[in-house]
2 protein chains.
Amino acid sequence: MSRQQSPSIKMVADRAGVSVATVSNVLNGKPTVSPDFARRVNDAVRELGYVVDLGASRLRSRKAQLAGVVVPDLTNPMFASFVSTLEHLARLADYDLVVVSARNNAEEEADRLRKIRAWRPAGLIVIPCDGAFAERLPDGFFAPVVLADRIPDAAGFDLIAVDNGPSAGAIAAHLDQQGYEDCLVVGTSLSISNIRERWEGVRASAKHMRVEMLEIGIDDAHGAQLLEERLRHRPLPGALFSLDQGTTLLTYCTMAEIGLSVPGDIAFASFDEMEWMRLVTPGITTVRQPVEEMAEQAWALLLRRMTGSAGKPVTRRLRCAVEIRGSTPRNPLEEAGKLKLGGRKWKLQGEPYSPE
Amino acid sequence: MSRQQSPSIKMVADRAGVSVATVSNVLNGKPTVSPDFARRVNDAVRELGYVVDLGASRLRSRKAQLAGVVVPDLTNPMFASFVSTLEHLARLADYDLVVVSARNNAEEEADRLRKIRAWRPAGLIVIPCDGAFAERLPDGFFAPVVLADRIPDAAGFDLIAVDNGPSAGAIAAHLDQQGYEDCLVVGTSLSISNIRERWEGVRASAKHMRVEMLEIGIDDAHGAQLLEERLRHRPLPGALFSLDQGTTLLTYCTMAEIGLSVPGDIAFASFDEMEWMRLVTPGITTVRQPVEEMAEQAWALLLRRMTGSAGKPVTRRLRCAVEIRGSTPRNPLEEAGKLKLGGRKWKLQGEPYSPE
DNA sequence: AGCTTACAATAAATCGTTTCACCAGAGTTT
DNA sequence: AAACTCTGGTGAAACGATTTATTGTAAGCT
């Protein structure tokens, strides 16, 4: 199978009867070319189906309209949506995007980061696997990096994230108000800064309610076991608050399996909304993260950095929306009268803040 | 902000005190280099943090370990999972992947296809937006193309898809057996070959049951209206079968809104499983597509094509799994005794087939 | 006419790599 | 010792584009 070569700028030049420089000038919209020649070049381009070779073009011009994106897991709808938005924005700015997934694996992330350098991107947007991201970034990395969603241990990075603490705190305050006396808070690990911030937000906002943290780790099988143990133990807490997406699904399924009903036996709330949460009955009370906005902010910041804006690293926190649903009704054990709760929306007030 | 240049092979050569050719030989594992020189080169590479420039490397060597992937929508979990699997496989074969999303828009797809040529990929895997894909492929496209999931109007492409007809037929046969007398089948549009195949599968397999097709189009708002109209009309069909992911969500929500209960008022089944379908009560009967397998087959085929295997276009159909759940119980209107239905799994029998 | 200026098109240098032809020196064969 | 063959290394030519410097031509000015 003799595969036909893609046409080069030289073939276009030959066919149009001009020099390659002229073809390049036409294609790049340089003003110093006569309409007649431009037409001939454009005809030849169309006839041959010529498309510029990005590799060669970038090599010579040294301007890389190219950015890299690294996410922990493309199959997570939140990250997928993040990438999709970025892709759209990049296209508008006439940038190309190289997207890679670390498949939830720090080693693979390190590998991808090394590999992505080979593309010579003008900038990078990364949602890091974990806090130790800085160690995995090849040192002397040549392009600006904007981190999103997850907070690195090391300082010195541009960062766009959500206000984990206040948002988780809002859920805790809500549960508090609903009259629950104790709440089990479940998350993968406090070594992940997101989870830590959320847990601290809960602790700070639970006025009367007792709170207890359970770390179940990232291994699903082991986590399910820990969780089941705790949920079979008595007394059962009045409410359960799950701090991340993976944990939420695991918790929800585990409760169903061992026959705990929501909210009859236990109230349930989660951080990070998923589609099904408004489809199940009752709906799940949750914190919805502004993914599109996060992508927009990250892109805007990276674009500024790529076009030369210097300055101290920026941290920006975005507000989440809190969705109160049927899974966290007024505590039925309480003597107080019943309170009707619909799909009421509860937005946090005030302006976003940028610490330091 | 004077951004530091990425080191080039020349700097490595200078630092190691050898020629650039030698550095290249070391990096590409050519055997004709002494251990002593190899060590010196490797040291220099490490000290400078040198990473090869993919653009330049590919330009010169003309071997493009690069494949393109075009999907209609990255936020669709099925496509996201498809891409994620491909990415993993590509990495194993030491290929790079350029992933783009057409954002459910044929024009954007055409644009992306044109743009992706600029990367000079050695091959392409495409899940087309619609049947008219062939018209959008720049003619004389230079690299092998493997299509997946959706069937193009034009022949002549390698294709990996699922057995839409038999799988949808299995659902229809199930509903038939459960004693439903009529079934409303809902899909976006019969102009999409997937939907057409599924509808034909339903028609062929419904023995006693009357079936009726409702096309609601791709515009969600308009579709919801059409659907609501039909669902408020009487008599209500005993069962509803939704043929694609978008339609399913729309249908499920619409039914909830106008107060139809599943399966009390109407039984419900769907093509294309989503996570929430096993979380809601009752679970939704559905057809689960083998996404990972589809990605594996597509990659294997593309790899063969990229390494020169010629031959007639191949069509391969993969088997789906049918998940029977509580949303399609034995028809309560029937006189016959109740039948207990759990989360029973029902796999299709037999071997995959390759028509023609 | 003679000189400058402006314009349009081109030749040639260049980007960072790989590859190919070649070379120096050591070892082997006659 | 001359004529080979290896071996391990290098210089320089590509690859396909962009950019810079240069050329040739026509028009404008004195």
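Each chain gets a letter, A, B and so on, in the order its sequence line appears, and its residues count up from 1.
- For the pair B/Gln65 CD and C/dT18 C1', the interatomic distance rounds to 15 Å; values are reported in whole Å.
- When heavy atoms are screened at a 4.0 angstrom cut-off, A/Ser61 is found touching the sugar-phosphate backbone but no base atom.
- Side chains of B/Phe157 and B/Val126 form no contact here, defined as non-hydrogen atoms less than 4.5 Å apart.
- Summarising the geometry of B/Asp158 relative to B/Pro313, their closest heavy-atom pair is OD1-CA, 3.3 Å, with the distance given to 0.1 Å.
- Here the P atom of nucleotide C/dG16 and the CG atom of A/Asp53 are 16 Å apart, to the nearest Å.
- Protein atom CZ of B/Arg58 is 14 Å distant from nucleotide atom P of D/dA17, rounded to whole Å.
- With DNA chain D read from its 5' end, the first of the two nearest nucleotides for A/Ser8 and B/Asp36 is the one closest to B/Asp36.
- As a whole-Å value, the separation of A/Asn25 CG from D/dA21 C1' is 13 Å.
- Of the candidates C/dT19, C/dA9, C/dT10, the closest approach to any side-chain atom of A/Ser19 belongs to C/dT10.
- Mapping B/Thr22 and B/Leu59 onto DNA chain D by nearest heavy atom places B/Thr22 closer to the 5' end of the strand.
- The interatomic distance linking A/Lys30 (NZ) with C/dA8 (P) rounds to 15 Å, in whole Å.
- Judged by distance alone, the side chains of B/Ser19 and B/Thr22 do bring a donor and an acceptor atom under 3.5 Å apart.
- Atom CZ of B/Arg120 is separated from atom P of D/dG16 by 9 Å (rounded to the nearest Å).
- Rounded to an integer number of Å, the gap from CD1 of A/Ile9 to C1' of D/dA17 is 6 Å.
- The environment of CD in A/Glu47 is crowded: more than 12 heavy-atom neighbours from other residues, nucleotides or ligands sit within 6.0 Å.
- Considering only side-chain N and O atoms, A/Arg62 lies nowhere under 4.0 angstrom from the phosphate OP1 or OP2 of C/dT14.
- Taking the side chain as every heavy atom from C-beta outward, B/Val314 and B/Arg305 approach each other to under 4.5 Å.
- The interatomic distance linking A/Lys63 (NZ) with D/dA17 (P) rounds to 16 Å, in whole Å.
- Backbone-only engagement by B/Ser34 is indicated by non-hydrogen atom pairs under 4.0 Å involving sugar-phosphate atoms exclusively.
- With hydrogens and angles left out, the side chain of B/Arg60 and the base of C/dT17 share no donor-acceptor pair within 3.5 Å.
- Backbone-only contact: A/Ser57 has heavy atoms under 4.0 Å from sugar-phosphate atoms and none from a base.
- Here A/Val33 lies in heavy-atom contact (under 4.0 Å) with sugar-phosphate atoms only.
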